[in-house]
Every structure is written in structure tokens, then in C-alpha cells.
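Computed from a predicted model, the values in this text were never measured in an experiment.
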Amino acid sequence: MSLLSSLKQKASDIKKKTAVLYIALQSPDTGLPAKIMAVITIAYAMSPVDLIPDFIPVLGLLDDLILLPLFIMLTIKLIPEHVLAEAEKQADENPPELKKNKAAAAVIILLWAALITMLILKIIS
């Protein structure tokens, strides 16, 4: 398998898993920690703004290759197995159409602002 086809497969897997998280998020059986992590993960995946901008060499791709799959993995671990199985089934049969949007970008910008604020407060105190 070529590098390009491998990357395309990984991108497809991430897109499908994001759809599964979106479906699982709507289940009443999904607990609050899983819902919070799912919102962060979906917002990050759908945001046109990255925590680490892509123009920064090497680090710019880090979020797409490591952070997003890590967020997805952590979120999946928080979701009950029966909810996850049903969400995967629904995603296969009728996947939701998720597009990059401004609300997701706002969430990521707010996360950045919160992290910077915490860092500044830690430095000055």
C-alpha cells in the first residue's frame, strides 16, 4: 500500500469515527464525560482552525496525525459499548454529513484562549 493510499485510508477512518461520535453524542446513554469529550473532538475535527497551524513545519501536521486520533480514541473509551455499536451501525447505514464550520472554529479558539489565559495566570502568580 502506498503512502498516499494509506493516508487516504486513515483520513477516511477518522471521518467515519467522527460521524460515529456525533451519533453517539445524541444517545441518552452516553455519559457526561463522554459527551464533553465528544463535543471537543467533533469541534476539533470540524474546525477550520487547528490548535497547531499547518504552516508550522512538522508540528503543523502533528494535530492531524496524532491529536485528533488520540481525541477519538479517548472519546470512544468513554462511550458505552452498546451505544458505540449502535452508532457504528447507524454511521454505516446513514452517515451524518459533517462539514467544517465557524461554530467549531469558535470552540477551538476559545480552547486556545483558555489555555493561554491559564498559562499567563500561572506565570504571573
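Atom CD of residue E81 and atom CD of residue E86 lie 14.5 Å apart, to the nearest 0.5 angstrom. To the nearest 0.5 Å, atoms CG (L110) and CG (L115) are separated by 11.0 Å. Of the inter-residue distances, the one linking E93 atom CD with E88 atom CD reads 12.0 Å to the nearest 0.5 angstrom. Atom CG of L32 sits about 10.5 Å away from atom CG of L78, to the nearest 0.5 Å. Distance check: L84 CG to K77 NZ gives 11.5 Å after rounding to the nearest 0.5 Å. The line from CE of M118 to CD1 of I123 is 12.0 Å long, rounded to the nearest 0.5 Å.
Nearest heavy atoms, V20 versus A91: CG2-CB, 3.7 Å. Pairing each heavy atom of T75 with each of A34, the nearest pair is CG2-O, 4.0 Å. Pairing each heavy atom of A87 with each of A24, the nearest pair is CB-N, 3.9 Å.
None of V39, T30, T41, I79 except one satisfies the side chain to side chain contact (heavy atoms under 4.5 Å, CB included) rule with L25; the exception is V39.
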Check step by step if side-chain contact (heavy atoms from CB on, under 4.5 Å) holds for L67 and Y44.
CA-CA 10 Å; L67 291 179; Y44 191 74; 4.2 Å; yes

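Side-chain contact between L70 and M73: present, with at least one pair of heavy atoms (C-beta onward) separated by less than 4.5 Å.
Checking side-chain atoms of S27 against main-chain N and O of V83 turns up no donor-acceptor pair under 3.5 Å.
Take K16 and apply the side-chain hydrogen bond (donor to acceptor under 3.5 Å, both in side chains) test, not counting sequence neighbours, and it matches D92.
I42 and I76 fall within a single hydrophobic cluster, where Ile, Leu, Val, Met, Phe, Trp and Tyr side chains are chained together by heavy-atom contacts under 4.5 Å. Both L21 and I36 are assigned to one and the same hydrophobic cluster, defined by single-linkage of ILVMFWY side chains at heavy-atom distances under 4.5 Å.
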